Trainee: 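Below you will find the structure I want to go over with you.
No experiment lies behind these values; they were computed from the predicted model shown.
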Amino acid sequence: MNKSLPPAVNATGLTVTRGPRTVLRGLDFTVPRGQITGLLGPSGCGKSTLMRAVVGTQAKVAGTLTVLDHPAGHPTLRSRVGYVTQAPSVYLDLTIRQNLAYFASVLLPGRPAATHRRTEVDRVLTDVDLDSHADALAGNLSGGQLSRVSLAVALLGTPELLVLDEPTVGLDPVLRRDLWNLFHDLAARGATILVSSHVMDEAEHCHRLLLMREGELLADDSPDALRERTATPTVEEAFLHLVDAANNEANDKANDKANEANTARPTTH
Ligand SMILES: Nc1ncnc2c1ncn2[C@@H]1O[C@H](COP(=O)(O)OP(=O)(O)OP(=O)(O)O)[C@@H](O)[C@H]1O
């Protein structure tokens, strides 16, 4: 990690409303460069919304959100940020190589870039270990293979920041291990990775963690520091400890309010 560089993502008071609901509530966090930051929390806590805000596809975002020194969603970030959504975004009637060639031509257009495009396609095929399936029709692939094609698309052009929304969901343990190895390899090559998961054991693979619950951040720390701070042996237990602490605090506040209201009420005889 290059400590002299500012964080890849810097959020202050990040608030997002979706329909009538406030889905993210005034979040402050950073995503350091060259590291894997895990965004963890239960289903529906707002992980995808936070990622959509970072890549600039989310409406009704308030607060300050800077990505690679630009406001989130700035046009110059398009080729510098790779985003993998939960739903694989590939054309099922094309082969893997044709899909990658198509997306490479969007990213690196024109005849002079033809050799560069081919090199890029070969490189990302190797990265996600799909060389031997390159000419298979995407429509005939398994779910795990399809999500690896989506990841390969995001790796085209070597983006500085990779935003990966639950990339290991539905994968068998071997593929999950291989993907985490790839994420570490990419980080070692200088990429910054923001990756979400609702599986707490994946937290152990991350350099830093953002633990979320109901649109709020419970912690922004390294797995070691979290375990130490909460005196728990696993990140999962640390998370539960923090949830209990937050619930107790909320209950105490509610009780204090109720007590205040009772003492302020005039007594009637
Ligand atoms: N289009 C929408 N309109 C209103 N509310 C929405 C919309 N999309 C999502 N939400 C709500 O926003 C909250 C956060 O959703 P989000 O998809 O960000 O959660 P998540 O943590 O990524 O969940 P999962 O792990 O299941 O993908 C949820 O309570 C969800 O119901």
Trainee: Given side-chain hydrogen bond (donor to acceptor under 3.5 Å, both in side chains), test N181 with R176 step by step and report yes or no.
Mentor: CA-CA 9 Å; N181 285 341; R176 274 175 54 184; over 6 Å; no
Trainee: Return yes when atom CD of Q86 has more than 12 non-hydrogen atoms of other residues, nucleotides or ligands closer than 6.0 Å, and no otherwise.
Mentor: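 Counting neighbours around CD of Q86, more than 12 heavy atoms of other residues, nucleotides or ligands fall under 6.0 Å, so yes.
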Trainee: Would you indicate whether D220, at its atom CG, is surrounded by more than 12 heavy atoms from other residues, nucleotides or ligands within a distance under 6.0 Å?
Mentor: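 It does: D220 CG has more than 12 such atoms within range.
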Trainee: If every non-hydrogen atom of A203 is compared with every non-hydrogen atom of P223, which pair is closest and at what distance?
Mentor: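 Closest approach of A203 to P223: O-CG, 3.7 Å.
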Trainee: With under 30° as parallel and over 60° as perpendicular, where do the rings of Y91 and Y102 fit, or are they tilted in between?
Mentor: perpendicular
Trainee: Identify the two heavy atoms, one from R213 and one from A246, that lie closest to each other, and give their separation to 0.1 Å.
Mentor: NH1-CB, 4.2 Å
Trainee: Walk me through whether E202 and S197 qualify under side-chain hydrogen bond (donor to acceptor under 3.5 Å, both in side chains).
Mentor: CA-CA 7 Å; E202 301 216 299; S197 176; 2.9 Å; yes
Trainee: Which value, rounded to the nearest 0.5 Å, describes the distance between N247 atom CG and L242 atom CG?
Mentor: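 Those atoms lie 11.0 Å apart.
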Trainee: Got V235 and R227 here, is their nearest side-chain heavy-atom distance under 4.5 Å?
Mentor: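 The answer is yes, as the side chains (C-beta and beyond) meet within the 4.5 Å cut-off.
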Trainee: Please test T126 against D131 for side-chain hydrogen bond (donor to acceptor under 3.5 Å, both in side chains), starting from the C-alpha separation and ending with a verdict.
Mentor: CA-CA 6 Å; T126 308; D131 320 67; 2.8 Å; yes
Trainee: Mind checking whether T192 and V9 have side chains closer than 4.5 Å, heavy atoms only?
Mentor: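 A side-chain contact under 4.5 Å is absent here.
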Trainee: I need the minimum non-hydrogen distance between P109 and V106, along with the two atoms involved.
Mentor: CD-O, 3.8 Å
Trainee: Could you give me the CA-CA distance, side-chain angles and deciding distance for S48 and D165, then say whether side-chain hydrogen bond (donor to acceptor under 3.5 Å, both in side chains) is met?
Mentor: CA-CA 7 Å; S48 300; D165 199 348; 2.8 Å; yes
Trainee: Measure the acute angle between the ring planes of F183 and W180, then classify it against the limits of 30° and 60° as parallel, tilted or perpendicular.
Mentor: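 Correct class here is perpendicular.
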Trainee: Is it the case that the side chain of T17 and the backbone of T15 share a donor-acceptor pair, with hydrogens and angles ignored and the cut-off at 3.5 Å?
Mentor: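 Absent.
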Trainee: Looking only at heavy atoms, what is the nearest atom pair of R148 and L179, with distance?
Mentor: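 Shortest heavy-atom separation between R148 and L179 comes out as CG-CD2, 4.4 Å.
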